Amino acid sequence: MIESPKIGIFEIFSRDELYRIHAATLELLERTGVRVEEEKALELLNSIGADVNFSTKIVKIPKHIVEDAIKYSARTVQFAGRNKKFDLKLEGKRVNFGLGEGAINILDYETGSIRPSTKTDIINATILADALSNIDFVMPLFTAQDVPKPVMPLHDLHASLKNTEKPIMVVDFGLDATYLINMAASVVGGRDKLKDRPILGMYSEPISPLTHGREHTRNLIEFAKAELPIVYIPSPASCSTAPATMAGAIVQSNAETLSGNVIAQFSKKGARFIYGADTTNMDQRTGVFSYGAPEWMIVNLAMAQLGRHYELPIWSTGGCSDSKILDGQATLEASLSLFAAASSGANLIHDVGSFLNFGLTGSLELITICDEIISMISYILKGVEVTDETLALDVIDKVGPGGQFITQEHTLKFFKKEHWMPKLLDRQTRSTWEKTGSKDLATRANERTKDILSKHQPTPLSKDIENDLDNELRKAEKKILEK
Amino acid sequence: MNEIIIRKTIPFYKIHILLIHMSETAHEIKEALLTLDREKLIQTTKTSLDKGENPQELLYAITAALREVGDKFESGEFFLVELVSAGEAAKTVISEYLKPLLKKIGSEGKHLGVIAIGTVAGDIHDIGKSIVASMLFTAGFEILDLGVDVSAEKFIETVKNSNVDVVAMSALLSTTLPMQRETIEALKRQDLRDKVKVIVGGSPVTEEWAKEIGADGFADNASEAVRLVKKILDISER
């Protein structure tokens, strides 16, 4: 967590450009509109004065409705941990980091090979995230490929709720969100209590370009009404599902997330809506949705600036890569994207250290490496404290030309506070490094990951609560599989 | 210098055949497709048809030019949007100008096979499926694009009514993935499974999943999908 970065908030647009993007977004929503597949949402939008065509499902939204929705939005979103000490306040420039979600493969830290992920892998990723001090919220990094597909999201959440006290964000896979909300409610003592202790958030997406899918819209409304944090952001690829120009892709993304906010706020005023976009480019040689693209990084900067302008909590992305293995490319893309996202001042940065292979493969070692990267970034963004004491004129005068600072009291007082210490990065001399096994970063990360997993035990749920949660899972499973 | 080399390497009669085959029209069609000039492609086609040129020959010229576009994509000279644009322009010309005439003279034109492609029921993600469709078309297949949110019944109806060789199903959501299995089961119930090959794709689709549901193959990108279809239909690369 970076409570209040002192420096480095990148702002890429001038005031004039920001205004033009906002104006263009409003024009788009009024002129082109969006398609809304969910009947209830169409009726809702019709009732508040949007221009709804019920046969084409195209909704044109007047400017004032979009701006009213922004005004109704929660300015601060509380995102709670099972343990209060992990509570997050999403507002201003508070920057928090969390895992990625939904990978279908794991780069197995025992064997080094890639295989389909299981529920046990979700548990391990959650335990690791629970232990690492720079990870603030948890997403089920993997999907449980070893359970029936229709009930998979239930198991993803089940594994997470049991193994971390940090806030949990799940993904909308189209499954009725009520099942997931009930599971989280069973952990805090009921749905009413969940509003005060919102330990569950949902990440959901409109389908670009400009379409609000049926299930996703239902779940958006469900989460808005339950007063739980709802991230509702598009993930278009520029050149295929958004214009080739970045400004155009940003305008479209903005229209997609803001029209989602209209549905959320008019379903429940003050809905805990989190704004943003996972917009990247379609790679022109392979057609893949690139996770390491600088296009995504600059969209993160753009959306954060816009989000701050709207005073909405902001979602962002960093710590992921297109590389298939844990190599230089993986750490390079993870570092750059994390730095861009963190210096944008976004409030929730996901995909930390989790993703290789365009989000399809998760790696526990990369989480461990990203913990280190975030720690470095946090150090940089804290800036330099300037006071009489830190300007250090007295100690400089005392040491004078040609002296040394090692043994000065001033040094002893400040060296820990003012300096960053690596946990994973190597600073040994060559000969010592060779004597200790000539280990590269990936090897050291692997060892640290195994070490944490063998030692860290997350605070378990009480037996009663665990039973309630298990019952809730079984009930939901039965209902879904019977259908 | 060039002349000498040509004479040394290619017998004279072959150059002659080459020249005849590379008619002016074919040349213009090739140029229009390689420069992604849709208007020029349409104009050239119209003008040649007005002059009484054989629609079959025009179709050959377009197919040959598309193959060159495909080669340029494979070699990295062309990018995906160029490949798809060329494919779409060719598709328009073939379906709007050439097909009606070919039907009249009783020729459908040659293709490598018929692919019925769609995104499964409950899923409205379009782009991945469309890129695969476009690349298969560019490679010489006839495409029946059923769109998105395609029910098992719709796939079955298409297999029954058209000469489908391959059913290609896309799914992006892990919750709609089971519809791929559902559709295969529905094909079995209708005794149609053995009449067609089935391939699956989409971000959450894996080799294991394809095997588990009894598909004939899986590809994780559009170029692979073309190679896969050629492989399962026993079509040699060139």
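Every chain is numbered from 1, with letters handed out A, B, ... down the list of sequences. Because the structure is a prediction, the values reported are computed rather than measured.
- No side-chain heavy atom of Val196(B) sits under 4.5 Å from any side-chain heavy atom of Phe155(B).
- Contact count against chain A (heavy-atom pairs under 4.5 Å) is highest for Ile124(B) among Ile124(B), Val84(B), Leu172(B), Leu83(B).
- Between Thr63(B) and Arg67(B) the shortest side-chain heavy-atom distance does not fall below 4.5 Å.
- The heavy-atom pair separating Ala90(B) from Leu66(B) by the smallest distance is CB-CD1, 3.8 Å.
- Taking 4.0 Å as the cut-off between side-chain N and carboxylate O, Asp216(B) and Lys231(B) do not count as a salt-bridged pair.
- Phe223(A) is listed as a side-chain neighbour of Ile181(A), based on a closest heavy-atom distance under 4.5 Å.
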Distance-only donor-acceptor screen, chain B against chain A, under 3.5 angstrom:
unit_1	atom_1	unit_2	atom_2	d
Gly76(B)	O	Arg285(A)	NH1	2.6
Leu80(B)	N	Gln284(A)	O	2.7
Leu80(B)	N	Gln284(A)	OE1	3.1
Val81(B)	N	Gln284(A)	OE1	2.8
Thr175(B)	OG1	Phe173(A)	O	2.1

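- Minimum heavy-atom separation, Ala103(A) to Gly362(A): CB-N, 3.6 Å.
- Chain B forms the most heavy-atom pairs under 4.5 Å with one residue out of Gly287(A), Pro116(A), Gly174(A), Cys239(A), and that residue is Pro116(A).
- Every side chain to side chain contact (heavy atoms under 4.5 Å, CB included) that Val59(A) has, sequence neighbours left out, goes to Val34(A), Val36(A), Leu42(A), Leu45(A), Ala50(A), Val52(A), Ile61(A).
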